[in-house]
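Computed over heavy atoms, backbone and side chain alike; hydrogens, waters and symmetry mates excluded. Residue numbering restarts at 1 for every chain, and letters A, B, ... go by the order of the sequence lines.
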Protein chains: 2
Amino acid sequence: MGEFKPLDPLLHSQLRLAVMSLLISVEEAEFTFLKEKTESTAGNLSVQLDKLEKAGYLEIVKSFRGKRPLTTAKITAHGIRAFEEYVLTLKNYIT
Amino acid sequence: MGEFKPLDPLLHSQLRLAVMSLLISVEEAEFTFLKEKTESTAGNLSVQLDKLEKAGYLEIVKSFRGKRPLTTAKITAHGIRAFEEYVLTLKNYIT
DNA sequence: TAAACTAGTTTATTTTATAAACCAAATGAA
DNA sequence: TTCATTTGGTTTATAAAATAAACTAGTTTA
């Protein structure tokens, strides 16, 4: 029983964790909302959303609002499980 | 009041966090003890202890036990404060 | 005395995070 | 109308971190 099982590296990142944290509570959010809440740059956010999507933690939907592009992120069931697991693992480090 | 204040990058690292977590409870520990508990390589542990020492979070004492070198790490008051602060900050991400 | 082990450090490589530069379209001001 | 600015991003380049591999120095064991 190792005391410190590895932390999911995909979640152990400030920005990705903040994004997941937001999406856990709101279910679905726009790119600009996530950008404002996390105070990240668009470039960084774009890259990190990509990674979370490729891991299957998020679903990214691209559409238009009026004439402008609109990117929406939604957490998946797999993402929720991974986040919960991450939190449990982390607790062994900080308590 | 930003929801996600930055996490101390020195502590937001799996191995350094595990080391600090151990030292919070035991106060003082040998290199080999830390290596076993964290299941890290000696090289990685050496590098990370250095960083924590340079930040003033640990004090590293080098001596000999019999004829063999002995490296001991001890958490500082500053390290304890930083760890506690990190935990508080992190809670805003995971709850 | 040679092989293997201990207790690490140093250097090199890979992976991440982040920033900077860029793009396409839409809007606003002169 | 046309040129500057803004929106909503993506792509590429750079900096920083984590990790692994190689190395050092000495010790113990066969």
Using a 4.0 Å heavy-atom cut-off, does A:L45 contact any base of the nucleic acid, only the sugar-phosphate backbone, or nothing at all? nothing
For the pair made of CG in A:L70 and P in D:dG9, what is the distance, rounded to whole Å? 6 Å
Can you measure A:K62 atom NZ to C:dA24 atom P for me and round it to whole angstrom units? 16 Å
B:L49 CG - D:dT19 C1' separation (whole Å): 15 Å
Please work out if A:T71 contacts a base, only the sugar-phosphate, or nothing of the nucleic acid, heavy-atom cut-off 4.0 Å. sugar-phosphate
Tell me the interatomic distance from A:R65, atom CZ, to C:dA26, atom P, rounded to whole angstroms. 15 Å
CD of A:E36 to OG1 of A:T32: how many Å apart, nearest 0.5 Å? 6.0 Å
What is the ring orientation for B:Y57 with B:H78, classed by angle as parallel under 30°, tilted 30 to 60°, or perpendicular over 60°? perpendicular
Restricting to nitrogen or oxygen on both sides, can you table the protein-nucleotides 24-30 of chain D pairs closer than 3.5 Å?
none

Using a 4.0 Å heavy-atom cut-off, does B:T32 contact any base of the nucleic acid, only the sugar-phosphate backbone, or nothing at all? sugar-phosphate
Do any N or O atoms of the protein come closer than 3.5 Å to N or O atoms of nucleotides 16-22 of chain C, and which pairs are they?
unit_1, atom_1, unit_2, atom_2, d
C:dA17, OP1, A:R16, NH2, 3.2
C:dA17, OP2, A:R16, NH1, 2.3
C:dA17, OP2, A:R16, NH2, 2.9

From CA spacing to verdict: side chain to side chain contact (heavy atoms under 4.5 Å, CB included), A:E3, B:K37: CA-CA 7 Å; A:E3 316 203 33; B:K37 285 289 187 177; 2.8 Å; yes
Using every non-hydrogen atom in the two residues, find where B:L11 and B:L17 come nearest and quote the distance to one decimal. O-CB, 3.5 Å
Charged N-O contact under 4.0 Å between B:E39 and A:K5: no
Would you kindly give the NZ-to-C1' distance between A:K35 and D:dT10, to the nearest whole Å? 14 Å
With heavy-atom distances below 4.5 Å as the criterion, would you say the side chains of A:D50 and A:K54 are in contact? yes
Salt bridge flag under 4.0 Å for residues A:E30 and A:K35: no
What is the distance, rounded to the nearest whole Å, between atom CG of A:L10 and atom C1' of C:dT15? 12 Å
Dump the intermediate steps for side chain to side chain contact (heavy atoms under 4.5 Å, CB included) on B:M20 and B:I75, then the final yes or no. CA-CA 7 Å; B:M20 293 293 282; B:I75 196 165; 3.7 Å; yes
Rounded to the nearest Å, what distance is computed from the CZ atom of residue A:F64 to the C1' atom of nucleotide D:dG8? 10 Å
Of the non-hydrogen atoms in A:L58 and A:T76, which two are nearest, and what is the gap between them? C-CG2, 3.8 Å
